[in-house]
S.K.: 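I have a structure I would like to understand better, so I am pasting it below and will then ask my questions one at a time.
Side-chain atoms are counted along with the backbone in the values below, which use heavy atoms only and exclude waters and symmetry mates. Chain letters run A, B, ... following the sequence lines, proteins first and then strands; every chain starts at 1.
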2 protein chains.
Amino acid sequence: MRSPDVTSAGDPARTLALLWREPSTAARRGPQRGLNLDAVIEAATAVTDTEGLTGLTMRRVAQELRVSPMTLYTYVPGKAELLDVMLDAAYGRMSRTDTTGQPWRVRLAAVAEENRTLFATHPWTATVSTLRPPLGPGAIAKYEHELTALDGLSLDDVEMDDCLTLLLSFVQTNARVTADARATAQLTTMTDEQWWAAAGPLLARVLDPAAYPLATRVGSAAGTAHGSAHDPAHAYEFGLHRLLDGLATLIERATPAASGNS
Amino acid sequence: MRSPDVTSAGDPARTLALLWREPSTAARRGPQRGLNLDAVIEAATAVTDTEGLTGLTMRRVAQELRVSPMTLYTYVPGKAELLDVMLDAAYGRMSRTDTTGQPWRVRLAAVAEENRTLFATHPWTATVSTLRPPLGPGAIAKYEHELTALDGLSLDDVEMDDCLTLLLSFVQTNARVTADARATAQLTTMTDEQWWAAAGPLLARVLDPAAYPLATRVGSAAGTAHGSAHDPAHAYEFGLHRLLDGLATLIERATPAASGNS
DNA sequence: TCCGTACGCTGTACAATGTACAGCGTACGA
DNA sequence: TCGTACGCTGTACATTGTACAGCGTACGGA
């Protein structure tokens with residue numbers, strides 16, 4: 001697999017058959033299978049949860065299952081398809097809170113929170129580009145559930161998709177920062193705090209504060225406010241409120257009296 | 001380099017020295033240098049602009065410069081540091097519109113547009129995680145310039161950084177989709193449209209519309225509205241307006257009469 | 001003028017990864 | 001009972017970043 005970690009990079013027909021567990025073509029012959037697809041998914045997910053996407057190698061998963069690397073290829077066409085079924089399975093396991101009857105802000109906040117939990121449980125899911133989503137049962141159920149949070153408002157179908165895309169995109173981007181921080185810390189054997197502690201003084205030696213007054217003032221203020229340069233939890237709270245405020249002007253445009261209602 | 005494409009993955013001291021072009025330690029001895037750092041940056045940027053981050057290999061850049069791969073290591077400590085100076089150089093070349101005196105919405109829209117232009121000119125810059133930004137002259141100048149767009153409003157320093165981070169994060173995420181689409185198309189030798197044309201009918205065979213009414217209705221509506229499943233240009237317009245609306249409630253909180261003013 | 005040495009440049013080599021390929025053995029259907 | 005489809009495996013190759021050692025150059029000091 002090349003560097004962009006993307007879903008649906010394999011053959012669509014083969015991938016969809018795998019996602020929907022289409023039954024095998026003919027009667028079984030030969031030796032009994034020692035594993036099954038779900039066992040492979042489970043092992044691969046366990047490895048990736050703890051070691052990140054860089055730890056997801058066919059050899060590593062095979063080792064976990066006490067099997068030769070090439071054995072995996074009898075359960076999965078390739079690594080790209082494995083990633084697809086892993087992600088769809090994770091989508092399928094997400095909890096889906098029933099917020100029927102609640103104000104739209106509460107409903108959307110719940111959707112955001114469910115995705116945030118997914119990204120916290122499986123950090124690698126935040127770093128995968130789902131431009132071509134895995135079209136499996138998990139992803140479809142997730143999409144259906146999340147659209148219900150936007151149903152019944154005065155939005156047309158395209159606007160519903162727009163709002164959901166914007167919201168999920170924000171949550172994923174925020175989670176990606178955390179996942180990247182973890183991966184970078186492992187890669188450089190240095191936490192963000194350690195890196196700033198090393199880079200800050202070096203920067204101070206070459207940087208003229210008079211030439212960049214705002215940058216030095218705001219940069220140091222932001223740096224000391226949160227522990228490091230970026231605080232994803234703070235950015236999440238801040239961004240989610242701004243974003244919901246922004247959606248409010250769209251959702252409540254015609255009926256300002258309905259503020260906060262479903 | 002491992003899979004996450006991140007900045008500042010190398011030694012901070014070595015990287016900062018490179019970014020700020022600190023003069024070499026002692027008097028030159030031995031053969032004349034055939035190249036210089038800027039030539040390497042230029043060649044690497046040209047390669048990456050056309051072939052994406054996957055095309056950025058030391059061998060490929062060396063070939064461009066008609067030099068052996070290992071020669072590059074006399075100009076740059078490693079690939080990680082090369083990426084840093086490439087990015088900082090790109091930041092340094094960005095145009096910085098003077099929007100002094102304009103309403104804050106116009107100023108922030110200009111900042112967004114400048115970044116959008118960067119990502120359009122150098123798509124790979126959108127796919128790099130700048131969790132630990134390259135602390136070079138280009139990045140600092142960019143930060144200073146963008147903060148001026150938020151100066152003079154009733155925001156404190158931390159809020160200024162919050163707003164800028166949220167805005168830039170949105171623009172980058174939007175651009176990353178476009179860059180990923182390009183990379184995926186090249187990787188799979190299939191455009192997004194072709195992929196949907198292949199996957200759509202396959203999905204229709206296994207998907208029960210009655211079980212997922214919203215997903216099928218909204219999904220197809222969104223799909224036909226824009227040509228494909230995602231239209232980054234549409235998502236940009238939609239998201240930027242929502243986001244500025246959301247910032248408005250913060251910026252204009254105390255002085256609602258100042259709506260749209262600087 | 002001449003030489004020692006610092007340094008630019010290069011070829012070779014290695015580790016890690018996805019996976020093509022061919023072989024080996026198993027157990028089901030006839 | 002036997003042929004064959006199929007599960008599993010070892011080997012092998014291409015692609016990466018880059019460590020290492022060698023080779024030759026040209027400057028600083030005599």
Side-chain angles (χ1 to χ4, degrees), chain A residues 1-6 9-11 14-15 23-37 39-40 43-44 47-48 51-84 86 186-188, chain B residues 1-6 9-11 14 23-37 39-40 43-44 47-48 51-84 86 183 186-188:
Chain A
M1 185 151 31
R2 293 304 180 285
S3 49
D5 292 309
V6 292
D11 173 58
R14 196 86 180 73
T15 306
S24 53
T25 49
R28 299 250 73 83
R29 201 95 76 94
Q32 300 284 340
R33 315 202 72 167
L35 301 169
N36 55 62
L37 178 56
V40 175
V47 166
T48 315
E51 304 176 28
L53 263 186
T54 45
L56 177 62
T57 71
M58 300 304 271
R59 284 170 175 82
R60 183 74 187 76
V61 175
Q63 174 192 340
E64 203 73 7
L65 292 167
R66 303 172 185 287
V67 127
S68 132
M70 289 309 293
T71 298
L72 300 180
Y73 288 88
T74 63
Y75 296 92
V76 152
K79 195 185 175 186
E81 291 83 357
L82 173 58
L83 189 61
D84 279 9
M86 287 170 61
Q186 189 178 350
L187 176 65
T188 62
Chain B
M1 186 151 33
R2 294 304 179 285
S3 46
D5 291 309
V6 292
D11 173 59
R14 197 85 181 72
S24 53
T25 49
R28 298 250 74 84
R29 201 95 76 93
Q32 301 284 340
R33 315 202 71 168
L35 301 169
N36 55 61
L37 179 55
V40 175
V47 166
T48 315
E51 304 176 27
L53 263 187
T54 44
L56 177 62
T57 70
M58 301 303 273
R59 285 170 175 82
R60 182 73 186 78
V61 175
Q63 173 192 342
E64 203 72 7
L65 293 167
R66 302 174 187 286
V67 126
S68 131
M70 290 309 294
T71 298
L72 300 180
Y73 288 87
T74 63
Y75 296 93
V76 150
K79 194 187 175 184
E81 291 83 357
L82 174 58
L83 189 59
D84 279 8
M86 286 170 62
Q186 189 178 351
L187 176 65
T188 63

S.K.: Between P on C:dA20 and CG on A:Leu72, what's the gap in Å once rounded to a whole number?
M.R.: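 So the two atoms are 13 Å apart, to the nearest Å.
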S.K.: Verify the contact: side-chain N or O of A:Thr74 to OP1 or OP2 of D:dC8, cut-off strictly under 4.0 Å; return yes or no.
M.R.: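 It does, given that an N or O in the side chain of A:Thr74 lies less than 4.0 Å from OP1 or OP2 of D:dC8.
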S.K.: Are A:Leu72 and A:Leu82 side-chain neighbours, meaning at least one heavy-atom pair lies under 4.5 Å?
M.R.: no
S.K.: Grab the CD-P distance between B:Glu81 and D:dT18 for me, whole Å please.
M.R.: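 So the CD-P distance, B:Glu81 to D:dT18, works out to 8 Å.
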S.K.: Considering heavy-atom distances to DNA chain C, does B:Tyr75 or A:Gly78 have its closest nucleotide positioned more toward the 5' end?
M.R.: B:Tyr75
S.K.: Which of the following nucleotides, C:dG11, C:dG18, D:dG7, is nearest to the side chain of A:Lys79?
M.R.: C:dG18
S.K.: Can you tell me if A:Tyr73 uses its side chain to pair, donor with acceptor, with the backbone of A:Gly78 under 3.5 Å?
M.R.: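 Between the backbone of A:Gly78 and the side chain of A:Tyr73 there is no qualifying donor-acceptor contact (under 3.5 Å).
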S.K.: Atom CG of A:Leu187 to atom P of C:dA16: distance rounded to whole Å?
M.R.: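 Atom CG in A:Leu187 sits about 15 Å away from atom P in C:dA16.
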S.K.: Just verifying a value: how many Å separate B:Thr71 OG1 and B:Met58 CE, rounded to the nearest 0.5 Å?
M.R.: 10.0 Å
S.K.: For A:Arg59 and for A:Thr71, find the nucleotide of DNA chain D with the closest heavy atom, then tell me which residue's nucleotide is more 5'.
M.R.: A:Thr71
S.K.: Just the rounded figure in Å: distance from P of D:dG17 to CG of B:Asp5.
M.R.: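 My rounded result for the distance is 11 Å.
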S.K.: Polar atoms only, N or O, under 3.5 Å: list the protein pairs with nucleotides 2-4 of chain D and their distances.
M.R.:
unit_1: D:dG3; atom_1: N2; unit_2: A:Arg29; atom_2: NH1; d: 2.9

S.K.: Just how far, in rounded Å, is P of D:dG7 from CG of A:Leu37?
M.R.: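 It works out to 13 Å between those atoms.
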S.K.: With a cut-off of less than 4.0 Å, is there a side-chain N or O of A:Gln32 near OP1 or OP2 of D:dC8?
M.R.: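 No, A:Gln32 has no side-chain N/O under 4.0 Å of OP1/OP2 on D:dC8.
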S.K.: Check the distance between C:dG8's C1' and B:Leu35's CG and give it to me in whole angstrom.
M.R.: 11 Å
S.K.: Mapping B:Ser68 and B:Gly30 to their closest nucleotides on DNA chain C, which lands nearer the 5' end?
M.R.: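 Its nearest nucleotide being more 5', the pick is B:Gly30.
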S.K.: Can you tell me whether the side chain of B:Arg60 and the base of D:dT15 have a donor-acceptor pair closer than 3.5 Å?
M.R.: no
S.K.: Using a 4.5 Å cut-off on heavy atoms from C-beta on, say whether the side chain of A:Thr48 contacts that of A:Val61.
M.R.: no
S.K.: Check the phosphate of C:dC9 against B:Tyr73, side-chain N and O only, distance under 4.0 Å to OP1 or OP2. Yes or no?
M.R.: no
S.K.: Calculate the interatomic distance between B:Arg66 atom CZ and C:dG8 atom P; express it in whole Å.
M.R.: 23 Å
S.K.: Any non-hydrogen side-chain atom of A:Val47 less than 4.5 Å from a side-chain atom of A:Gln63?
M.R.: no
S.K.: Measuring from atom CZ of B:Arg60 to atom CG of B:Leu65, what distance do you get when rounded to the nearest 0.5 angstrom?
M.R.: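 These two atoms lie 10.0 Å from each other.
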S.K.: Whole-Å distance between C:dT19 P and A:Met58 CE?
M.R.: 6 Å
S.K.: Check every atom of C:dT26, D:dT18, D:dG24 against the side chain of A:Pro31 and return the nucleotide holding the closest atom.
M.R.: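 Closest of the options to the side chain of A:Pro31: C:dT26.
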S.K.: Other residues, nucleotides and ligands only: do more than 12 of their heavy atoms fall within 6.0 Å of CD on B:Gln186?
M.R.: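 Incorrect, the count does not exceed 12.
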S.K.: Provide the Watson-Crick or G-U wobble partner of D:dG22, both distances under 3.5 Å; none if there is no partner.
M.R.: C:dC9
S.K.: Closer than 4.0 angstrom, basic N to acidic O: yes or no for A:Arg14 and A:Glu81?
M.R.: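 Result for this pair is no, no salt bridge flagged.
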